[in-house]
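Beneath this line is the structure, given in structure tokens, with notes to follow.
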Amino acid sequence: MPGDSAITLRSLQVDQKSWTVRLRVLRPGSEIACGTNLLSRIRKMIMVDEEGTRIGVVIFKDEIQQFNHIFENHKSYAISNGQVQRSNQDYFNAHPLMELVLKKYTTVKEIGETINVDSTIVYNFMKFPDIDSTIHNRKAIDVCGIVIKVKDKKKTHTARGATKYVREITLMDNECHSVIVSLWEDMATNEGGELQEIAAENPVISLAQVTARKYQGELQLQTTMASIMQIYPTNDEVQHLQAWLAQINDPLKIQALAMKERIKKANKVTLHEIIHNRFLLSEDEYYFFKATVNKVENKSYIWYDSCTKCNSAISKNGDTMACRKCNIEPSYRLLLNVTQENERALITIFEEAAMLYVGCPVNEYLMSVEKEENDSKYFRGLSLQTGMEFQFLIALNKKATIVNGQLNVVAEAIEKIQLENQKPAKHVDKIVQRKKLNTLQDEDEILMGTSKAKNSNTTTKRRQTKKNINCDENVYISSDDDETIQQLFKKIKKKSDSTYGSKDVQFIQVKKEKS
DNA sequence: CCCCCCCC
């Protein structure tokens, strides 16, 4: 077939026998198990022609090998002959009427000059607040956004018993509305994998033909067999978004803005309402409350030191900490002891919430405390935030428990409450100071690993230490205090080193002794 | 000949 006889998808007819089309790969797809008992295998690509018309290209089990090493993402091909079949209207399709099935007799030739897609792919972007999950779970939509989070791909079992891969990413728009997008199957692997590699730079993407649904009262998007993703596409909306992003130019700030907006959308409650009237609240909603942080319970061990994938110990790997097998970084897990009025909660924070609390990514933190904890401004910052107020966003699901009148819950987002006057009033100052004293006292107990350490000598010493602590926001613990604290840390470090791999156990023991 | 899904 000579190349000049190629036609556009617009003039291709269902059931046409002899044809040549010139198409570029938009979604490479991968071989996946499907059908009854997962016995069938299929690879489905999405391709586009010079005019921007998209079409699904199906390769069934027996032909997968034949085309395996031919198609590559972003490359263009002249494809001749195959089955042009009517698409099933029950499902989402890249082309409204038809799809191509590649057969044994189909011929494929790569085109040297690839087909340009910069101006031909037309999107009809919806703003996140305008998306209606009741309408748009049947009607696919287009969105664009800044990628602010890329989670690992994971295997999951559907209600029908199929095993599928899914990867969650989070998109944010220029009004700080964020939405989780589940990338399924080949998109979790291919596009999702690509995004994961560049996640640190917060890439901007466009997505076409995704669907919406609600989970715990929040909007979520899902890819379909017809969805496509473009990373850094050239259309105006996305470039506008990128310019807005460049102004912020701070990954931590971006996370903070997204969390703040999520909190704004949630239902406000008091700790009292949750603890005493939980039955009045919904399990499928997000709530937020304001509380004062009294201390970080696991101050010296605010990260998991085993790989989330293979469970082996994470160790220093060049300039970073990572699992040598999986190259997975450690992750934060902070336990915050908080109060509101007379009510107590133990709040667990991970990921971006923890990063905001600590002030840097986990690897930076681990490097900063490698030699000596008190050399780290982030470590010292953990103590300096005691007595401060935060908003906490929580889901009141089954994992949230109330034990002995205390709420135990994971907060997905936090927001530091900015005081109008940086310097607290005098009487407040005293209260805060007292709180700090108590905190230090508690900390001593943890550090010593026993409450027996409370002899008169150490108590006096503690008092003296406390006098030096100023409660002004900008004040640092004086060097003398640091020395005292450092020594205590050394003691507990020695202790924890001897009980290798049981850091959490030690923490629990300490807690037990306290009660 | 294929598909709407999962929840630290």
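Hydrogens, waters and symmetry mates are skipped; everything else that's a heavy atom, side chains included, is used.
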Base, sugar-phosphate, or nothing for A:K103, non-hydrogen atoms under 4.0 angstrom? base
From CD1 of A:I42 over to P of B:dC1, roughly how many Å is that when rounded to an integer? 10 Å
Roughly how many Å is it from NZ in A:K61 to P in B:dC3, rounded to a whole number? 14 Å
Closest nucleotide among B:dC2, B:dC6, B:dC4 to the A:V58 side chain: B:dC2
Is there a donor in the side chain of A:N137 and an acceptor in the side chain of A:Q222, or the other way round, less than 3.5 Å apart? no
Roughly, in whole Å, what's the span from CH2 in A:W184 to C1' in B:dC4? 9 Å
Describe the nucleic acid contact of A:A162 in one word from base, sugar-phosphate, nothing, applying a heavy-atom distance below 4.0 Å. nothing
If you look at every strand shown and take non-hydrogen atoms under 4.0 Å, does A:E31 touch a base, only sugar-phosphate, or nothing? nothing
Do we get A:R262 above A:Y286's six-membered ring, with its NZ or CZ under 6.0 Å from the centre and within 45° of the axis? yes
Can you tell me the distance, in whole Å, between the OH atom of A:Y165 and the P atom of B:dC6? 17 Å
Please give, in whole Å, the distance from B:dC3 C1' to A:I46 CD1? 12 Å
What nucleotide, of B:dC4, B:dC8, B:dC6, holds the atom closest to the side chain of A:E351? B:dC8
Positions of residues 215-225 of chain A (non-hydrogen atom under 4.0 Å from DNA chain B), listed by number: A:Y215, A:Q220, A:Q222, A:T223, A:M225
Just to verify, what does A:Q83 make a side chain to side chain contact (heavy atoms under 4.5 Å, CB included) with, not counting sequence neighbours? A:Q85, A:V101, A:K103
Tell me yes or no: between the side chains of A:Y123 and A:S206, is some donor less than 3.5 Å from an acceptor? yes
Quick one: label A:Q85 by what it contacts on the DNA or RNA (base, sugar-phosphate, nothing), any heavy atom closer than 4.0 Å. base
Quick one about A:K127 and A:H177 (side-chain donor to acceptor, distance below 3.5 Å, no hydrogens or angles considered), yes or no? no
Can you tell me how far P of B:dC6 sits from CG of A:D152, to the nearest Å? 20 Å
Nearest whole angstrom, please: distance from the P of B:dC4 to the NZ of A:K214. 23 Å
Would you call the rings of A:F350 and A:Y304 parallel, tilted or perpendicular if under 30° counts as parallel and over 60° as perpendicular? parallel
Taken to the nearest whole Å, CG/A:D186 to C1'/B:dC2 is 12 Å
Under a plain distance cut-off of 3.5 Å, with no hydrogens placed, do A:Y287 and A:E273 share a side-chain donor-acceptor pair? no
Does A:T211 get its side chain close enough to the base of B:dC4, under 3.5 Å, for a donor-acceptor pair? no
Between the base of B:dC2 and the ring of A:Y91 - centre-to-centre under 5.5 Å, planes within under 30° - is that a stack? no
If you check every side-chain atom of A:N93, which of B:dC2, B:dC3, B:dC4 has the closest atom? B:dC3
